[in-house]
Amino acid sequence: GENVEQHPSTLSVQEGDSAVIKCTYSDSASNYFPWYKQELGKRPQLIIDIRSNVGEKKDQRIAVTLNKTAKHFSLHITETQPEDSAVYFCAARGFSNDYKLSFGAGTTVTVRA
Amino acid sequence: DAGVTQSPTHLIKTRGQQVTLRCSPKSGHDTVSWYQQALGQGPQFIFQYYEEEERQRGNFPDRFSGHQFPNYSSELNVNALLLGDSALYLCASRQTGSLGYTFGSGTRLTVV
């Protein structure tokens with residue numbers, strides 16, 4: 001089955017700097033890659049996603065890039081703010097008959113004021 | 001829009017007991033998935049229900065079972081609870097044909 005690895009496990013950045021989280025996946029047939037943000041005690045919230053036919057997607061300060069050849073995708077957060085502090089999870093969904101999301105282990109992002 | 005709602009929010013059970021967790025999907029969503037999230041880890045897929053049938057299952061024992069009702073709501077049942085079943089149980093729903101999943105806030109299960 002799909003195996004998703006996520007790095008780093010923790011990330012501390014100064015407010016205003018950029019944060020980058022990287023994930024790799026094992027199943028070359030995976031076609032959907034969402035990113036979720038989970039604040040302490042709250043539900044995971046979808047912040048951005050990308051499909052396999054797109055190389056990059058941006059939404060204000062958040063962007064995701066996908067390299068299908070290398071089987072990795074990354075989350076980029078620019079101009080970080082204290083409210084960006086949370087745990088971020090990447091996930092991958094396999095081929096069309098594979099309905100589950102396989103998640104990475106998560107990255108704890110701390111934005112220092 | 002109420003989003004995905006789960007009940008109860010917290011639960012404490014004793015080893016060997018049985019538990020039932022409940023989920024109401026977001027309005028317009030017909031597919032429900034259940035995930036187990038251990039402390040400090042990413043969610044792990046348990047199973048997915050569509051049209052009242054289990055459509056796909058993850059690597060969980062038969063002690064984990066579920067059900068989907070005609071109104072698309074769902075239950076997760078766990079029998080013979082083990083200490084290792086202590087986790088946050090998340091329900092996620094989506095509309096068939098779309099890719100995005102919406103998660104509920106989860107049920108925190110503690111087995112003592």
Side-chain angles (χ1 to χ4, degrees), chain A residues 1-10 21 23-25 27 30-54 57 59 64 66 73 75 86-109, chain B residues 1-7 9-10 23-26 29-51 53-60 64 66 68 74 87-108:
Chain A
E2 176 68 276
N3 181 45
V4 178
E5 295 190 356
Q6 183 172 347
H7 300 279
S9 57
T10 61
I21 304 170
C23 289
T24 61
Y25 60 98
D27 186 354
S30 289
N31 59 8
Y32 175 64
F33 307 91
W35 286 88
Y36 285 85
K37 174 183 179 183
Q38 188 175 29
E39 297 176 69
L40 193 62
K42 296 190 176 181
R43 65 184 182 91
Q45 287 194 293
L46 178 68
I47 56 172
I48 196 167
D49 56 10
I50 192 168
R51 300 185 65 168
S52 58
N53 58 349
V54 175
K57 184 177 178 180
D59 182 4
V64 57
L66 172 65
F73 56 113
L75 178 71
V87 180
Y88 292 81
F89 293 97
C90 63
R93 172 183 154 161
F95 56 90
S96 60
N97 289 329
D98 185 358
Y99 304 103
K100 70 178 184 290
L101 292 177
S102 297
F103 284 83
T107 297
T108 301
V109 174
Chain B
D1 187 358
V4 179
T5 58
Q6 293 187 242
S7 63
T9 55
H10 295 83
C23 171
S24 293
K26 183 177 179 179
H29 288 190
D30 56 5
T31 301
V32 174
S33 298
W34 287 91
Y35 289 81
Q36 181 195 66
Q37 186 178 22
L39 202 59
Q41 297 182 22
Q44 297 293 314
F45 176 77
I46 302 175
F47 41 54
Q48 183 178 97
Y49 277 83
Y50 172 68
E51 292 188 341
E53 296 285 337
E54 182 184 290
R55 183 158 65 172
Q56 186 177 11
R57 188 179 185 91
N59 294 324
F60 280 80
F64 290 77
Q68 185 179 34
S74 178
L88 179 67
Y89 288 85
L90 294 163
C91 172
S93 72
R94 71 178 178 97
Q95 184 177 34
T96 298
S98 69
L99 290 172
Y101 288 83
T102 301
F103 279 83
S105 297
T107 294
R108 172 71 62 185

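Note that the structure is predicted; figures quoted are calculated from it, not measured. Order of the sequence lines fixes the chain letters, A, B, ..., with proteins taken first and strands second; residue numbering starts at 1 for each chain.
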Turns out that what part of B:Gln48 lies under 4.5 Å from chain A's heavy atoms comes down to side chain
If you tally heavy-atom pairs under 4.5 Å between each of B:Gly104, B:Ser33, B:Ala92 and chain A, the highest tally belongs to B:Gly104
Output field: ring centroids A:Tyr99/B:Tyr50 closer than 6.0 Å:
no
Bottom line for A:Gln38: the part with an atom under 4.5 Å from chain B's heavy atoms is side chain
Looking only at B:Arg94, B:Arg108, B:Arg55, the option with the highest number of non-hydrogen pairs under 4.5 Å against chain A is B:Arg55
**Message:** With heavy-atom distances below 4.5 Å as the criterion, would you say the side chains of A:Pro34 and B:Tyr101 are in contact?
**Reply:** no
Exercise for the section: May I ask you to test the A:Glu2-B:Phe45 pair for a side-chain heavy-atom distance under 4.5 Å? Expected result: no
Honestly, the part of B:Leu90 sitting under 4.5 Å from a heavy atom of chain A is side chain
Answer key: most heavy-atom pairs under 4.5 Å with chain B among A:Val4, A:Leu101, A:Val87 is A:Leu101
Within residues 39-53 of chain A, contacts to chain B at heavy-atom distances under 4.5 Å involve A:Arg43, A:Pro44, A:Arg51
Applying a strict 4.5 Å limit to non-hydrogen atoms, the region of B:Gln6 in contact with chain A is neither
